[in-house]
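Computed from a predicted structure; not experimentally measured. For reference, positions follow the sequence shown, starting with 1. Remember, it's 1-based here, ligands and their atoms both numbered in the order they're listed.
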Amino acid sequence: MLHLKTLVSLSRIVLCLFFLLSTTTIADDASVMSKFLAAISPTPSGWSSTKDYCQWKNVNCDSSKRVTSISLASQSLSGTLPSDLGTLTQLTTLSLQKNSFSGPIPLLANLTFLQDLYLDNNNFSSVPSGFFQGLTSLQTLSLSENSNLQPWSIPTDITQSSSLVSLTAGNANIIGSLPDIFDSFPSLQNVRLSYNNLTGSLPSSFNGSGIQNLWLNNQLMGFSGTIDVLSTMSQLYQVWLHKNQFTGPIPDLSKCASLFDLQLRDNQFTGVVPASLMSISSLRNVSLANNKLQGPMPVFPSNVKLDLSGTNSFCKDIPGPCDTQVTTLLEVAGALGYPLRLADSWEGNDACEKAWTFIGCDPDGNVISVTLSKQHFTGTISPAFANLTSLKNLLLNDNNLTGSIPKSLTMLPQLQQVDEVEGVEEVPQRLVQIAQHPVEGRRHQKVLRYRRVWHKKFGRVDLPDNRKDVVKSNVMGGTNGYNGVASDLQSQSSGDRSDFNVFEGGNVSISIQVLRQVTNNFSEENILGRGGFGVVYRGELHDGTKIAVKRMESGVMGTKGMNEFQAEIAVLTKVRHRHLVALLGYCINGNERLLVYEYMPQGTLTQHLFDWRENGLSPLTWKQRVTTALDVARGVEYLHSLAQQSFIHRDLKPSNILLGDDMRAKVADFGLVKNAPDGKYSVETRLAGTFGYLAPEYAATGRVTTKVDVYAFGVVLMELITGRKALDDSVPDERSHLVTWFRRVLINKENIPKAIDQTLNPDEETMESIYKVAELAGHCTAREPHQRPDMGHAVNILGPLVEQWKPACHDEEDNCGIDLHMSLPQALQRWQANEGTSTMFNDSFSQSQSSIPSKPSGMADTFGSVDCR
Ligand SMILES: Nc1ncnc2c1ncn2[C@@H]1O[C@H](COP(=O)(O)OP(=O)(O)OP(=O)(O)O)[C@@H](O)[C@H]1O
Ligand SMILES: *[C@@H]1O[C@H](CO)[C@@H](O)[C@H](O)[C@H]1NC(C)=O
Ligand SMILES: *[C@@H]1O[C@H](CO)[C@@H](O)[C@H](O)[C@H]1NC(C)=O
Ligand SMILES: *[C@@H]1O[C@H](CO)[C@@H](O)[C@H](O)[C@H]1NC(C)=O
Ligand SMILES: *[C@@H]1O[C@H](CO)[C@@H](O)[C@H](O)[C@H]1NC(C)=O
Ligand SMILES: *[C@@H]1O[C@H](CO)[C@@H](O)[C@H](O)[C@H]1NC(C)=O
Ligand SMILES: *[C@@H]1O[C@H](CO)[C@@H](O)[C@H](O)[C@H]1NC(C)=O
Ligand SMILES: *[C@@H]1O[C@H](CO)[C@@H](O)[C@H](O)[C@H]1NC(C)=O
Ligand SMILES: *[C@@H]1O[C@H](CO)[C@@H](O)[C@H](O)[C@H]1NC(C)=O
């Protein structure tokens, strides 16, 4: 009895409890829903506080009056969501997209039935931490276009949503890297995370994933690393990776048999476009623009919409195979994973030309040396080296290479040296012997150095440099950047041209609008100086690069000026040298002619030598003077020794010698340069130049040889020694012509100390140096041209007088100088990019400037109907 009674009453309690519990829960959904109703405005159609919430339009309940779905898309609603929205535990769908909801997204953790969550296109302020906990049924998550979200990262909790199909959160202020969790989502098809600030590499858990649409484009900083993992994602359909920092080659995507759209533009991809890509039959649009792709220009089937434009480094600008040496070297680069460094400099279809770093050639255009030491390269040594049959020197030391030295290398007949390679097993016997018998001395000295020489036919070539004790200047050669300076020039013949580069095709036209803008409309306060042909203005590009704009106006300019303009263009666009002021571009504007030069911040030698008091400068020390003399000698020597075309400056004087902040000099003003055929024969020509510096035979006959520059150089040396101008009307007649007077002084060495610049105050050692330069000055100003030395001799005399310079970088290899080098086209590209003439660069520029990515046009398409229902 008792037993039964107890049972009955117990069951009553249970019933009662159950009733209580269920009424409480029903009451809860009601209270959340009424809070929701109160918080949003305007009132959604079909919602009313007087009606049961299960009757509201677009709200569904189950039989227990538990809310299962709410759909309020595109109703122009605003307001803040109730913080306890997460208590609607039966919710399967929440669609609030395309409204103006603001405030924090409420915590929805443990809504274990929630399948579809659309919060995109609103103005939410934050994603709560723990948001993804327990969302075990979630299939669709859409958070895109909530650009005011506090920065957040994708949490690893999301792995609990193992049924996820679409992860969509473009322009949602996501930062950090993609967590390596993608093996948790066997059903995942869409990953759309464009326009965020995601960084790091693609997670390796993408390996084997069934993702079809992968949109990671337009990250603020950009993803980095390779995209090799894509080769394993066989379901890929649309891959948008543009505007990131991805590197390395395009992998073999032949497993991606459904690939339709591949957007890889605006990254740093290198290497040869694999043939396998061109044979994916489903492919319809491909963009590879603005990468550093190499090798032959790819050819796709005609039904593919292709964009290849921009900065790629294809060997030719038409399809077709590359030169065989280029092909071989690309294979070499391929074994190293196509490093960016090589892609940057290995451009064009001639491995012996231009900026091909690390490569040396013989005069017949065969690659004879490959120097890849100390580059942090990884990968293997390509057997393709064996195809470089003239190879003599191969240096690979101090990298992180693996594998073995290919046996084929032992077949190379000429190979003299392979530097030891750590981490590489199985070194063939002959090469071991070579490696153990290296160039003298310490390990880091083993690297051969190369001398850059000019070859008639092949332009710049690097030859092994067997001079000892080569050191580099600590002076960065301005934009020319090539720093190799030999200090022991005594041992060399004249004509050492170890430190120059020649560029071709540097003819760069610049718009007058840009020049107006950067000179503040040629404002008075930007005037740097005035010369015989016009005014020179200072200008500053957006990236802070300073330039000098020489403006020759129609009024000032007769045919003389026009000819000068033509001449300057012709010469300077071809020539770049550490000690010649670089021409960056030109502009023809009606009758006006403008030349854009690199800016020389310390002005002219005249200012420092003669007008230093007025300019508030200190007088030049002897060391500075002799360094200037050497710099000028090198610059002029280079002009004289250009193969095929030898150039004569004809107006060398202190106002045409400009100084950098490091007080290193460059020769300017090539307006009067005249091309001298073969550099040997004099040509009769219009007299040009400046009195005081004119060689007598030139003044008398107008006949010009390189020796007129040697003469003028001698006059400049005299000015450096004495601090007196070539012509000085303020002194008695017998002293007013510097050359006449100083050559008389030179007759007796004891006279020299009295003739030198008062400010010098030399010690004994300095005096010895001055004697040598004085002697050289006399020699250079010899009456007969044939008695004057050539500039190479001047370089040889002056070199040892200039103290040895310490290397600029701590790296002792020559490469550290070479690689800083930026070619004129590169420099200009960068420049034009910053000037906004290139939309592609401009785009990325503005991206990196603003913290919140502005929505580019076309983005509505990107994040519209596709993601949101
Ligand atoms: N690249 C430059 N960087 C800085 N200042 C410069 C630069 N080029 C010229 N200047 C300044 O502008 C002045 C005029 O230069 P410009 O070459 O026109 O004439 P010049 O060499 O003095 O005379 P001339 O035209 O007779 O050779 C120079 O004296 C110098 O002060
Ligand atoms: C979700 O549920 C788990 C386990 O039931 C619990 O540990 C966690 O605290 C809950 N999370 C939230 C945010 O309520
Ligand atoms: C979004 O919300 C912020 C405040 O969080 C507000 O300043 C901004 O105006 C809102 N933007 C829109 C488009 O409603
Ligand atoms: C992908 O995974 C497979 C097997 O796990 C592995 O062999 C392969 O190297 C991986 N590929 C990439 C590109 O990570
Ligand atoms: C790629 O193809 C799709 C579909 O044809 C097209 O809408 C889209 O504009 C294309 N993208 C580009 C960059 O051409
Ligand atoms: C080789 O790689 C290791 C780590 O991966 C690195 O620490 C080292 O500096 C690298 N060495 C060279 C020479 O690049
Ligand atoms: C060397 O060149 C030949 C033909 O030029 C080519 O067939 C071969 O594949 C090349 N070898 C290597 C290792 O690249
Ligand atoms: C520079 O290029 C323009 C057009 O590209 C051409 O008209 C001009 O002749 C060139 N000038 C020189 C000096 O090569
Ligand atoms: C983007 O991410 C990078 C790296 O995490 C960070 O340094 C940078 O400040 C971020 N930019 C913005 C605008 O948040």
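- Close approach to Asn197 involves these atoms of ligand 9, each under 4.0 Å from a residue heavy atom: 1 (C), 2 (O), 3 (C), 8 (C), 10 (C), 11 (N), 12 (C), 14 (O).
- Under the 6.0 Å distance and 45° angle rule, Lys243 does not count as a cation-pi partner of Tyr195.
- Ligand 9 has Leu220 within reach: a non-hydrogen atom of the residue lies less than 4.0 Å from it.
- A donor and an acceptor atom, one from each side chain of Arg66 and Thr89, are located under 3.5 Å apart.
- Inside a 4.0 Å radius of atom 4 (C) of ligand 3 there is not any protein heavy atom.
- Using modelled atom types and a 3.5 Å distance limit, the side chains of Ser184 and Thr159 yield no donor-acceptor pair.
- The closest side-chain donor-acceptor pair between Asp180 and Ser205 falls under 3.5 angstrom.
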Practice prompt. Before giving the answer on side-chain contact (heavy atoms from CB on, under 4.5 Å), spell out for Ser69 and Leu94 the whole-Å C-alpha distance, their side-chain angles and the decisive distance to 0.1 Å.
Written response: CA-CA 6 Å; Ser69 76; Leu94 181 62; over 6 Å; no
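- The protein atom (non-hydrogen) at minimum distance from atom 9 (O) of ligand 2 is Gln133 OE1, 4.4 Å.
- With hydrogens left out, the protein atom closest to atom 10 (C) of ligand 3 is Asn123 ND2, 2.3 Å, a heavy atom.
- Of all atoms in ligand 2, numbered sequentially from 1 with element shown, those under 4.0 Å from a heavy atom of Leu107 are 13 (C).
- Nearest non-hydrogen protein atom to atom 6 (C) of ligand 2 is Asn110 ND2, 4.1 Å.
- Residue contact check: Met221 has heavy atoms under 4.0 Å from atoms 1 (C), 2 (O), 3 (C), 4 (C) of ligand 9.
- Given atom 13 (C) of ligand 2, the protein heavy atom at minimum distance is Ala109 CB, 3.5 Å.
- Within the 4.5 Å cutoff, side-chain heavy atoms of Ser187 are placed close to those of Val165.
- Inspection of the Glu145 and Asn121 side chains reveals no N or O donor paired with an N or O acceptor under 3.5 Å.
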